[in-house]
Participant: 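Starting off with a structure, shown below.
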There are 2 protein chains.
Amino acid sequence: MKILQAIIRNYLETGEPVGSRTISKYTDLNLSSATIRNEMADLEEMGYILQPHTSAGRIPSDAGYRLYVDLMMAEKEREVEEMKEVLLEKEDRLDNLLKQTAKLLAVNTNYATMISAPSLYHNKLKFLQLSRVEKNQLLAVIVIEGNVIKNTILDVDEVLTDETLLKLNILLNTHLNGMAVEEINLPLITALKRQAGIHSEIISEVIDAVAEAIKADDNLEIYTSGANNIFKYPELADHQRASELINTFEEKKELTELVKETLAEENQTGIQVYIGKESPLENMDDCSIVTATYELGEGMKGTIGIIGPKRMDYDKVVDNLKNVMRQLDAVYRKD
Amino acid sequence: MKILQAIIRNYLETGEPVGSRTISKYTDLNLSSATIRNEMADLEEMGYILQPHTSAGRIPSDAGYRLYVDLMMAEKEREVEEMKEVLLEKEDRLDNLLKQTAKLLAVNTNYATMISAPSLYHNKLKFLQLSRVEKNQLLAVIVIEGNVIKNTILDVDEVLTDETLLKLNILLNTHLNGMAVEEINLPLITALKRQAGIHSEIISEVIDAVAEAIKADDNLEIYTSGANNIFKYPELADHQRASELINTFEEKKELTELVKETLAEENQTGIQVYIGKESPLENMDDCSIVTATYELGEGMKGTIGIIGPKRMDYDKVVDNLKNVMRQLDAVYRKD
DNA sequence: TGTTAGCACTCAAAAGAAGAGAGTGCTAAT
DNA sequence: ATTAGCACTCTCTTCTTTTGAGTGCTAACA
């Protein structure tokens, strides 16, 4: 077991297959290379390590990494964490805070990072207002708990009087204010439309637009950083792979899959590790992904992901993630 | 001259140094390779082509490309343009329209693209409203010509009465509505503050925030697409270069330089070509950049850039750009 | 005078050959 | 159980050879 750890540790650092002699010399096990070789043969039979070719050293298999990671996570559980503060500065806008977070993590870990904007489903509408901008254009402003602001411009067919507009505003506010985003569903909308009477057409348009505005963004707001870090790891940097990875980061569409998967699968710490093929993303067989679910205030959950080679420094990554999660929380409370 | 064109055309396609035999066989000039060789020697002396090594074919020098591009642009001037429509769909939000544009160009040209959000300096404020969201939080919504919407949340110290808020709104609207963004400068702000009387503190905060909101974004809103296209061109795809390029696209900071440069340097068509070292960007010695200045409505100017290898298909790129510019204009008018 | 055939020459890139060395598995001894 | 010793394997590096596309120059030709 110690030997497996030693092999993996060494491989994490160097990225080169590691031989029996190296282990024998650079650990405090005081075993000769021959002994190590015997053990290695066993470990290989058990499927934890493998040989790229007969006369090369060993590298960890996915199963080997898995064992190692599980072990480490268990240790972390007990460990009292103490870390130098990595600093997130206060930001008045959520998107900037998230961008900053992604970048910070990328710089500190040397891996590629992503962060999804928190889901707003459980959040309540705090403020809602329709204003006329042009004769037949309305501006709808919606503020959601956490000071997330959404706007839409609506084109309306008929010209609205000031009075009508006022009525509409009152109607909308009475019914929607304080309501959670997830509660704005079809029955509610239908009910509202009925109450609107002559203005039902407008109401219909408005509400649909509001629902749209909230949900549309919710799918896709993902910020990434440090994509070019992949070039630091030869095993990811060949054209084929690099191109695919860069594309995934640019498109971001696939990353939403990762977000969904992560949010679905709850565990105690909120941190999950996907090694190689375990990953929910395509073309990531040679990568590992560490994800964390962060929470801002009540129920605003989002996902942070760190993507690097399988031989990433899991220990450091997990520490960084935990640290950032704590800070995100702190910064948010200050706002 | 015909020979230079032939050499460049061939090199654009293949990316390989081109020899005399190739030219002699695959053009309708009906000249033997020996003749071509003589001409080539002359062209080399004039500095339009060069030899990677003695026993290789020739590749165009920057000067060669320049000559070729100038020639082509002059021809384009006269040419009646006729192109299949590349379709931009109507989008109610400007940012989505721009993202779509970038992506479309990237897919059609197979190069990396960027597009900057139009500058709003000459645009007028169309709508401005302060609302109370919490006891001591104000929401400022600003709509600018072209339906660009900005919001800021302001923390205020004292709690404002409804009446004060109303007054503030009136004051702000009377003075700022219809004003161009560039006109909101220090003297104006000072004048306003004076008029505000007891509320001068708030006014001060509000106006500063408004100015901030408008200008802050103005610097940096750049959308990119197709960064991974660079892997399609071996001369750009080695680790060093690729990493730098990808970084430039991700950071976007440097790209603002390009935008400024382009907007400053006016020419008739609005299209500019930077070859190799001519580029205003660092680390782009092996790239060419074609930029265009687009205009949405009155004075909302922005920049589109296409970045590829020096042997990019300038012809196709220019056509695509012109086409997209025309469509951007059309789509915008529809809005 | 412009064009072309012919030929010797150059040089990068591909192919082949040789050697080094890191690492292994197995056996026999401690 | 552990280890020293040894033959064996196979990649990687280095060096050499071969190949071939392309050149420049000269001499002949229209």
Side-chain angles (χ1 to χ4, degrees), chain A residues 1-61 64 233-235 237-239 286 311, chain B residues 1-61 64 233-235 237-239 286 311:
Chain A
M1 195 59 0
K2 296 245 175 195
I3 294 180
L4 179 57
Q5 271 202 352
I7 294 173
I8 296 186
R9 287 243 174 75
N10 194 290
Y11 184 70
L12 292 190
E13 273 177 39
T14 64
E16 301 283 312
V18 18
S20 53
R21 189 128 188 290
T22 318
I23 299 294
S24 136
K25 276 192 103 167
Y26 299 100
T27 57
D28 41 5
L29 295 171
N30 272 1
L31 291 174
S32 81
S33 59
T35 317
I36 308 285
R37 279 205 287 286
N38 288 330
E39 296 289 333
M40 276 176 157
D42 294 352
L43 284 171
E44 184 161 7
E45 208 169 339
M46 290 190 275
Y48 293 128
I49 55 179
L50 34 87
Q51 253 179 321
H53 56 262
T54 1
S55 71
R58 308 302 218 286
I59 62 175
S61 69
Y233 309 97
E235 64 265 48
D238 72 293
H239 293 185
D286 302 302
R311 62 179 176 97
Chain B
M1 198 58 359
K2 296 245 176 195
I3 294 180
L4 179 58
Q5 272 203 353
I7 295 172
I8 297 186
R9 288 242 174 75
N10 194 290
Y11 184 69
L12 292 190
E13 273 178 39
T14 64
E16 301 283 312
V18 19
S20 52
R21 191 126 188 293
T22 316
I23 299 294
S24 138
K25 277 192 100 167
Y26 299 99
T27 58
D28 41 7
L29 294 170
N30 272 3
L31 290 175
S32 81
S33 61
T35 317
I36 307 285
R37 278 204 288 286
N38 287 329
E39 297 289 335
M40 276 176 158
D42 294 351
L43 284 171
E44 184 161 10
E45 209 169 339
M46 291 191 274
Y48 292 128
I49 54 180
L50 33 86
Q51 254 178 320
H53 56 263
T54 359
S55 69
R58 307 304 216 287
I59 63 176
S61 69
Y233 310 97
E235 64 266 49
D238 72 294
H239 292 185
D286 302 303
R311 63 179 175 95

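Keep in mind the model is a prediction, meaning the values are calculated, not measured.
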Participant: Which atoms form the tightest heavy-atom contact between B/E39 and B/I3, and what is the distance?
Facilitator: CG-CD1, 3.4 Å
Participant: Roughly, in whole Å, what's the span from CG in A/N30 to C1' in D/dA1?
Facilitator: 15 Å
Participant: Mind listing the closest non-hydrogen atom pair of B/M40 and B/I23 along with its distance?
Facilitator: CE-CG1, 4.4 Å
Participant: Does anything in residues 14-27 of chain A pair up under side chain to side chain donor-acceptor pair (under 3.5 Å), and if so which pairs, sequence neighbours excluded?
Facilitator: A/S20-A/R37
Participant: Between D/dA1 atom C1' and A/I3 atom CD1, what is the distance in whole Å?
Facilitator: 12 Å
Participant: Got a second to check how far A/N10's CG is from A/Q5's CD, nearest 0.5 Å?
Facilitator: 13.0 Å
Participant: Separation of A/H53 atom NE2 from C/dG21 atom P, in whole Å?
Facilitator: 16 Å
Participant: So, taking the atom named CD1 in B/I59 and the one named CG in B/L50, what distance separates them when rounded to the nearest 0.5 Å?
Facilitator: 5.0 Å
Participant: If every non-hydrogen atom of B/P60 is compared with every non-hydrogen atom of B/Y11, which pair is closest and at what distance?
Facilitator: CD-CD2, 3.4 Å
Participant: For nucleotides 23-30 of chain D, give me one character per nucleotide, 5' to 3': B if any protein heavy atom sits under 4.0 Å from the base, S if the only such contacts are to the sugar-phosphate, - if neither.
Facilitator: BBB-----
Participant: Take the protein atom NZ of A/K25 and the nucleotide atom P of C/dA22, then report the distance between them rounded to whole Å.
Facilitator: 11 Å
Participant: Could you check how far CD1 of B/I23 sits from P of D/dG22, rounded to whole Å?
Facilitator: 11 Å
Participant: Whole angstroms only, please: what is the CD1-C1' distance between B/I36 and D/dG22?
Facilitator: 14 Å
